[in-house]
Chemist: 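One structure follows; several queries about it will come next.
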Amino acid sequence: MAAEDAPAPKDPSNAAIAELLQELGDRYELDGAVVHRVLAYRNGAKAVLDAPRSVAGMTRAGTVTELPGIGKTLEEKFRALLDTGEIPALTKLREKYPAGLLTLTHLPGLGPKKARKLFDELGVDGPAALRAAIADDRVSTLAGFGTKTQEKYLKLLDAAGEDIERPQRVLLSKALPLAEALVDELRERGREAGVHRVEVAGSARRRADSVHDLDVIATADDAAALLEVFRTSELIAEVGSSGDNGAHGVLHSGLSVDLRVVAPDQFGNLLQHFTGSKAHNVAMRESAVKRGLHISEYGILDDETGKTERFATEEEVYARLGLPWIPPELRENRGELALDQAPPLIELADLRGDLHMHTTHSDGRASVRDMALAARELGHEYLCITDHSATHGFGDDVQPDELREIIAEVRAVDEELDGITVLAGSEVNIGTDGRLDYADDVLAELDWVVASIHTAFQSDPTRRIVAACEHPMVDVIAHPTGRLIGRRESYDLDVDAMIDAARRTGTFLEINASPARRDLHDTHARAARDAGVLLTIDSDAHGPDTLTNLRWGVATARRAWLAAADVANTRPWEELRRLRKGGR
DNA sequence: GCCGTTTTCGGCCCGACTGTTTTCAGTCG
């Protein structure tokens, strides 16, 4: 094969590029760069992660500097990465400082300055060397270090064990119910403490994919009494430090919780502050400073009057800054601070049906009838049974004959049950050749066809998904990127190409509501909507209990700025069926 | 390093806590 026929090296994903920028920021910080330069790299990493399109592609097209926080220097670094496979500045910094030094900065309380000093003065190049230096009592002799610091490091090293990792994040579906249970308890048992308001703040309130801790904000007549309720809650496994207006605890799951109790007239300021995100708050403060206003968790200081104004509600905080109240899901500094009014966002109650779920015919745990009853109980107008298809593994395959039996069963249950429409569908595998694993005449008997990739992720998913979009009977592409939050990156998919194919062919794209997927994720779902593609939100339930997954899909849809009209299954089935691509 | 009702240079959010210090740097959220 001639050299020019060799397949082009794969473009680095946005996640991979963001990781490199993050590392550049960390290493420049270690190198003693001014803090704003370091921040610029971290902002760049966020911009790349938030970008709905391929940053490698944008770099080639010369449009990458349109992203906020990406300037000429970062553009050059992307070019170098694409041309040579590496960023020279990063290569140099990697030679200059050992990786173990960055690992050390993951220890809480040991930052880049301290790590650098340990390296320069004692030659400490990682956890093992730090342990040895402590054993020789050399750390406490350094200027700026003392015996307490040395003891703290030893404890941290012992606690961390062999490998020091970044703090783990917990899926929202695990964390939010725990936060809500705690809030309920504080409201109930806090009555005697004269509790006024208790709210979840932080990334859980923003409905992020995952959270690393929980923040709860409250007001009460008797703060001390409310803190006592917190400390004695059965949800709290371990009570940490605790002061007059706040307490820290650890749940049985290991998740950290901070409770802050404030005066009622500051509740809005504190809730806003602790809801974040950091990027949202920083951007909001920067723009406020230009108008002589200084925002903190305690209030808004007006330079003209010299007075700090406190607000009981978030609405008043935003109004003082000339902004509409911004729904927490939008607070990621993705354009929400330029809004004249908040966009209408979809709510769970807007969904009329659920178009992707499994039964015992494939890998589900309940029958068609039980799924239908559970869906009716939830108030759905319709549901669609979409078991796996002919090539699905693990003994969960459904051959064409069995599919016809399922269709007959679905028709019978639909006939039997009042108050809900039961539809017959399938989640059809997209093969490596881009073809589906049922013949067209079989597919033609279905009300709804879901297509997705379950195998051979490395085998050109873009071409396969585009081919599926072009199939006249495919209604929707399910969990389009294949990611599993915190566990598996998306397969190498050209999302732009998929969105374009979906728009061109009238194929819907799914926001799979399984809490470990939430796929499409927010930025991609927003890009799809902006391109004119209709989304669906589906539970992908494998039993009656997971039909309520829709909640997490709606959370993602709201983070994608979607209104009810942007989601196909907010429509009655009779209307939705007419929206399917032509020829059906 | 980015960016512009401070527009090509000079700025670039806010506050708490800790431990080491004689007034503050480093770290964190």
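Lettering follows sequence order; numbering is per chain, from 1.
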Chemist: Please determine, for the side chain of A:Arg285, which listed nucleotide (B:dC13, B:dC2, B:dC14) has the closest atom?
Modeler: B:dC13
Chemist: Hey, is CG on A:Asp340 packed in by over 12 heavy atoms from elsewhere, all under 6.0 Å?
Modeler: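 No, because the 6.0 Å sphere around CG of A:Asp340 holds 12 heavy atoms or fewer from other groups.
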Chemist: From C-beta outward on A:Pro112, which listed nucleotide comes closest to its side chain: B:dG19, B:dT27, B:dC14?
Modeler: B:dT27
Chemist: Taking the side chain of A:Ala40 as heavy atoms from C-beta outward, which of B:dC2, B:dT6, B:dC12 is closest to it?
Modeler: B:dC2
Chemist: Is the backbone N or O of A:Glu304 less than 3.5 Å from a side-chain atom of A:Asp302, with the two atoms forming a donor-acceptor pair by type?
Modeler: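 Between the backbone of A:Glu304 and the side chain of A:Asp302 there is a qualifying donor-acceptor contact (under 3.5 Å).
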Chemist: May I ask which nucleotide in the shown strands pairs with B:dT8, Watson-Crick or G-U wobble, both distances under 3.5 Å?
Modeler: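 Matched B:dT8 with nothing under the 3.5 Å cut-off.
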Chemist: Taking the side chain of A:Tyr298 as its heavy atoms from C-beta onward, which of B:dG19, B:dG1, B:dG15 lies nearest to it?
Modeler: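 The answer is B:dG15, which lies nearest to the side chain.
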Chemist: For nucleotides B:dC12 and B:dT18, find the distance between their C1' atoms and express it as a whole number of Å.
Modeler: 27 Å
Chemist: Which nucleotide in the list B:dG29, B:dC14, B:dG1 gets nearest to the side chain of A:Val289?
Modeler: B:dC14
Chemist: I'd like the C1' distance from B:dC3 over to B:dT20, given in whole Å.
Modeler: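 That atom pair is separated by 38 Å.
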Chemist: Between A:Tyr28 and A:Glu286, just flag the one whose closest nucleotide in DNA chain B comes earlier from the 5' side.
Modeler: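 The residue mapped nearer the 5' terminus is A:Tyr28.
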Chemist: B:dG19, B:dC14, B:dG1: which one has an atom nearest the side-chain heavy atoms of A:Ser296?
Modeler: B:dC14
Chemist: Assuming nearest nucleotide by heavy-atom distance, tell me which of A:Asp215 and A:Val34 is located more 5' along DNA chain B.
Modeler: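 The 5'-side residue here is A:Val34.
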Chemist: Counting side-chain heavy atoms from CB outward, which of B:dG1, B:dC13, B:dT27 is closest to A:Lys114?
Modeler: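 Among B:dG1, B:dC13, B:dT27, the one nearest the side chain of A:Lys114 is B:dT27.
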Chemist: Counting heavy atoms from C-beta on, name the nucleotide in B:dT27, B:dT20, B:dC12 closest to the side chain of A:Thr149.
Modeler: B:dT20
